[in-house]
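Each remark here refers to the structure printed beneath this line.
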Amino acid sequence: MKVIKSTENIKSFGGLNYISNEFNTLQLPSLIREILGSRSTYCDYQYSDVIKSLWLLFFSGGDCAEDIEEHLKAEFLSVEGLLVPSADTVLRVQKELSTEKEIRLSKGNIENEINTHSKLNELNIKLLLKTEQLMSGCSYDLDFDNQFIECEKYDAKKGYKMAHGYFPGVASIGKNIVYLENRNGNSNVKFEQQKTLENVYGLLLGKGISINKSRMDCGSFTKEVIKVVEKNSKQFYIRAQRCGELSRQLKEITSWQTTVIGIKKVQIASMEYKPFGEEKAYRYVVSREANKTGQTDIETGDSFIYRAIITNDNEWPDKEIIEFYNQRGAAERNFDELNNDFGWSNLPFSFLEENTVFMLIMAMCRNFYLYLINKFAQKLPFLKNTFRLKKFIFRFVILPYKWVKIGGKKAMKLFTDKPYEELLI
């Protein structure tokens, strides 16, 4: 087999030019400058240059800032109009953007380290409005959850999974991340969660976005949280925790209906219950299924597994409420993509507040990716808006090309038969 060499200046990641062009067409540099301000005139790179380069790094299959210099420098320099900072600059600017963490003491005198970056969270919402993934004046359904991120960082503390890491609270609307507050791993998920949710609702409402339905797991089952959620959304659905009194009332239910939820046959019913010793009663939608061992539960006196959802929705049937709540599984898949596609499982810094910056920038990167894949898939038949990032890189970003002069004008010469001409650049 013969090998023929060529010195022709052909690059491999032509798709980056389309992504970079979309970044500029949306006027994201000016939006970033509006929210984060400008760096010194003595600086060669602005915040938008660093954020754009970090995003393109992941759109090229990289996973750390050092990849820019070690593997991608020549490719990046070939992208029209892209200013390419060094790896040190990318890391230094993220540290520059970090804000001080708060230390709040719990009743047990446990230190809870919390970092809330209001500017980056605001930038994220404005990006979603700019791309029309969210619309001011519209109402949406909100999910909130905490994700334990295992990491051996200098300040990471041991959490409930008996591993060191961070425990951020994340709000999402559909597939889009709309808010992030970072916490150290030892923080209890319920500790002052109502303050976090007040920040979430306040930020969204301030941008003209209202919440129709809020959906949360049992980590949000507190009196304080329910008051905040009920005040800021029309309806809420929260997984309830059992207690002795609730178990007693469950035994009194006689009107069980058998149905199929997903692939499981379960029994469902509704009841009214006053949680936390309060006077106000809420609807509890309860499901039960036989446990696999047949062992009798000491509180209920039977061999069923009970699950309850507390809600202020008195209109939907029991089954619809359970099915709607179970759709939280789709929201939880957001974490899988953030961890494995957008760098959350490989945090670059030693301290919580600096990693908060990275996590928020990469959450914005994923939101931007969802916008791109939806837009490009409408014009290019070889793309689908369900593609994960890796497949998008293989199908779209990897595109051999070179810059040529045609009629005195610069043009991209593409070495492909795919219809990239459907995208203007």
Side-chain angles (χ1 to χ4, degrees), residues 31 34-36 97-106 111-129 133-134 136 138-149 166-174 176-217 219-238 328 331 334-335 338 344 352-364 366-367:
L31 176 62
E34 173 194 333
I35 304 299
L36 301 182
L97 284 170
S98 64
T99 59
E100 285 190 25
K101 62 188 175 187
E102 298 179 65
I103 298 179
R104 304 177 194 168
L105 293 178
S106 66
E111 289 189 351
N112 294 268
E113 297 177 342
I114 299 174
N115 187 231
T116 303
H117 203 303
S118 57
K119 284 190 175 181
L120 285 178
N121 275 301
E122 182 181 3
L123 176 59
N124 179 43
I125 294 297
K126 287 203 169 185
L127 169 64
L128 290 168
L129 291 169
Q133 292 167 282
L134 294 180
S136 183
C138 292
S139 185
Y140 299 91
D141 296 339
L142 180 93
D143 288 290
F144 181 84
D145 204 352
N146 286 76
Q147 159 81 352
F148 187 82
I149 300 177
Y166 300 136
F167 203 15
V170 181
S172 58
I173 292 176
N176 295 115
I177 304 302
V178 297
Y179 188 87
L180 181 145
E181 173 189 274
N182 205 4
R183 295 179 172 218
N184 217 321
N186 68 319
S187 289
N188 188 298
V189 64
K190 295 183 178 182
F191 176 73
E192 294 191 354
Q193 188 185 125
Q194 71 276 10
K195 292 185 178 180
T196 304
L197 289 168
E198 284 172 350
N199 291 337
V200 174
Y201 290 120
L203 176 62
L204 293 170
L205 188 60
K207 298 296 183 288
I209 299 165
S210 60
I211 298 303
N212 183 30
K213 301 178 187 296
S214 292
R215 187 168 48 186
M216 303 168 191
D217 69 8
S220 301
F221 184 69
T222 69
K223 177 173 62 176
E224 295 78 14
V225 165
I226 288 175
K227 286 182 179 179
V228 171
V229 172
E230 189 171 21
K231 178 182 177 181
N232 290 281
S233 52
K234 292 180 181 177
Q235 294 168 323
F236 69 85
Y237 311 81
I238 298 175
R328 284 190 70 254
N334 292 339
F335 292 129
L338 287 163
W344 278 24
L352 178 139
E353 57 268 37
E354 295 165 0
N355 284 314
T356 302
V357 173
F358 174 79
M359 292 168 68
L360 272 164
I361 289 176
M362 294 314 300
M364 285 186 270
R366 180 175 175 274
N367 288 341

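Keep in mind it's a predicted model, so treat the numbers as computed, not measured.
Side-chain polar atoms of Asn355 and Asn182 form no donor-acceptor pair below 3.5 angstrom. A donor-acceptor contact closer than 3.5 angstrom is absent between the side chains of Ser172 and Asp143. Looking at Ser220 and Gln193, their side chains do bring a donor and an acceptor atom within 3.5 Å of each other.
The distance from the CD atom of Glu353 to the CG atom of Leu97 is 13.0 Å, given to the nearest 0.5 Å. One finds the CG atom of Leu120 at 11.5 Å from the CG atom of Leu127 (value rounded to the nearest 0.5 Å). To the nearest 0.5 Å, atoms CG (Asp141) and CZ (Arg328) are separated by 13.0 Å. Distance CG/Asn124 to CG/Asn367: 5.0 Å, rounded to 0.5 Å. Taken to the nearest 0.5 Å, the CG atom of Asn121 stands 5.0 Å off from the OH atom of Tyr179. Within the model, atoms CG of Leu36 and NZ of Lys119 stand 7.0 Å from one another, a figure rounded to the nearest 0.5 Å.
Thr356 is not listed as a side-chain neighbour of Met359, based on a closest heavy-atom distance of 4.5 Å or more. When side chains are defined from C-beta on, Phe191 does not count as touching Thr222, because their heavy atoms never get closer than 4.5 Å. Put simply, the side chain of Glu192 does not reach to within 4.5 Å of the side chain of Asn112, judged on heavy atoms.
By the side chain to side chain donor-acceptor pair (under 3.5 Å) test, Thr99 pairs with Asn115, sequence neighbours left out. Residues passing the side chain to side chain contact (heavy atoms under 4.5 Å, CB included) test with Glu111, sequence neighbours excluded: Ile103, Leu105, Lys157. By the side chain to side chain contact (heavy atoms under 4.5 Å, CB included) test, Ser210 pairs with Ser139, sequence neighbours left out. Under the ring pair (Phe, Tyr, Trp, His ring centres under 6.0 Å) criterion, Phe221 pairs with Phe276, sequence neighbours left out. Looking at residues two or more places apart in sequence or on another chain, you find no ring pair (Phe, Tyr, Trp, His ring centres under 6.0 Å) involving Phe144.
The two residues Ser136 and Leu129 have their closest heavy-atom pair at N-CD2, 3.7 Å. Taking each heavy atom of Val189 and Gly219 in turn, the nearest pair found is CG1-CA, 3.9 Å.
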Practice prompt. Might you work through the side-chain contact (heavy atoms from CB on, under 4.5 Å) test for Ile177 and Leu128, ending with a clear yes or no?
Written response: CA-CA 9 Å; Ile177 304 302; Leu128 290 168; over 6 Å; no
Worksheet item: Stepwise, does the salt bridge (charged side-chain N to carboxylate O under 4.0 Å, His left out) test hold for Glu122 with Lys207?
Response: CA-CA 9 Å; Glu122 182 181 3; Lys207 298 296 183 288; 3.7 Å; yes
Throw together a table of side-chain donor-acceptor distances under 3.5 angstrom for residues 196-204, partners on residues two or more places apart or in other chains.
residue: Thr196; atom: OG1; partner: Glu181; partner atom: OE1; Å: 3.1
residue: Thr196; atom: OG1; partner: Glu181; partner atom: OE2; Å: 2.7
residue: Thr196; atom: OG1; partner: Arg183; partner atom: NH2; Å: 3.2
residue: Asn199; atom: ND2; partner: Lys195; partner atom: O; Å: 3.4
residue: Tyr201; atom: OH; partner: Ser214; partner atom: OG; Å: 2.7

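Checked by atom type and distance alone, the side chain of Asn184 never pairs as donor or acceptor with a backbone atom of Asn186 at under 3.5 Å.
Screening Leu180, Asn146, Asn334, Val178 for a side chain to side chain contact (heavy atoms under 4.5 Å, CB included) involving Val170 leaves a single residue, Leu180.
Below 30°, between 30° and 60°, or above 60°: for Phe335 and Trp344 the angle between ring planes is between 30° and 60°, a tilted geometry.
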